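This is a predicted model, so every value here is computed, not measured. Indexing begins at 1, ligand by ligand and atom by atom, following the structure's order.
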Amino acid sequence: MLTLHSPAKLNLFLRVLGKRPDGYHELASLFQTISLTDTLHFELSDSDKCTCTDPTLPTDGSNLIVKAVELFRRKSGLRFHVNVHLEKNIPLQAGLGGGSGNAATTLWALNQLCGKPATTEQLTQWAAEIGSDISFFFSLGTAYCTGRGEQVQAVPQLSQTKLWVVKPQDGLATPAVYQRLNLALLQPRDPLKSLESFITGAPCYFNDLEGAAFSVMPSLELLKQQLKALGFHTALMTGSGSSFFCIGNAKPPVHPGITCYPATFLNRTPDGWYGEKAVTLPRPFCL
Ligand code: C5P
């Protein structure tokens, strides 16, 4: 039996550089894992089973955990079966990469349970076959990601930052947000300069997907304004939304239908998975 935390991610900046012939978008983004986590339990068994505390989440072949199990079996050539139980805390359709983190955590766990047949580099490459954001989690938790998001470059750990994740009731589907994106409206920022700004301690947070997400769900723009008005110096949507992360000395919003999760940046050690030693699960609150 192996129990691991599966962290959420934030996009500290997210630049969309263009649309590719394969229909995906070329990205340049600084990804960071945070202490908002799911918990996954793994046990080798004589048949495969996937269960989840959230009944709205399908546990069939569409679930990234099930896809990761099938991927690991195919790539490693090993014959095994596994029971996986997911304690879901990370909100869905939130831009927090919860499903991607679950897939990465599953690949890491299976590799441990099967005697480490794969290197971390192999797991990183394999992961890209089932999703764009999964490879990132095999970094140490801070990485500059390009291509579809699957090209991962390590970045030195950033200074510890406290934040709030703010999630409105409605979620956003990633393809719908990308479909609304008007590339001509984006600011032509140089992502390498943005990366430099974080490394030198003068972070410049932005997300090129905010405008597209606001046109799919106009209430998000209002929420951003409300978060700024509360006194946060940063209130930025993560990924394709619908959640925001807020940094600064302010109290989180108390609105019906909005859930707030306290979190900090969370990195892993080269040999361990995220928060393996001790992680205090953040307690969300909502009205
Ligand atoms: O790879 P993943 O399954 O996470 O992507 C979900 C969807 O998000 C894709 O089908 C595509 O519509 C969109 N996407 C994109 N460009 C990216 C990543 C995702 O257009 N770089």
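A 4.5 Å side-chain heavy-atom check between N11 and F31 finds at least one atom pair inside the cut-off.
A side-chain N or O of T51 and one of H85 form a donor-acceptor pair less than 3.5 Å apart. Using a 3.5 Å distance cut-off with no hydrogens or angles, the side chains of H41 and T3 do pair a donor with an acceptor.
Here the straight-line distance linking atom CG of L107 with atom CD1 of I65 works out to 10.5 Å at 0.5 Å rounding.
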Go ahead and list the nitrogen or oxygen contacts between ligand 1 and the protein that come in under 3.5 Å, distances to 0.1 Å, or just say none.
from     : atom 1 : to   : atom 2 : distance (Å)
ligand 1 : 1 (O)  : S132 : N      : 3.0
ligand 1 : 1 (O)  : S132 : OG     : 2.5
ligand 1 : 16 (N) : H25  : N      : 2.8
ligand 1 : 20 (O) : H25  : ND1    : 2.8
ligand 1 : 21 (N) : H25  : O      : 2.8
ligand 1 : 21 (N) : R148 : O      : 2.9

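Taking the ring pair (Phe, Tyr, Trp, His ring centres under 6.0 Å) definition, one finds that Y144 meets it with nothing, sequence neighbours left out.
W273 contributes a side-chain N or O that, together with a main-chain N or O of H5, makes up a donor-acceptor pair within less than 3.5 Å.
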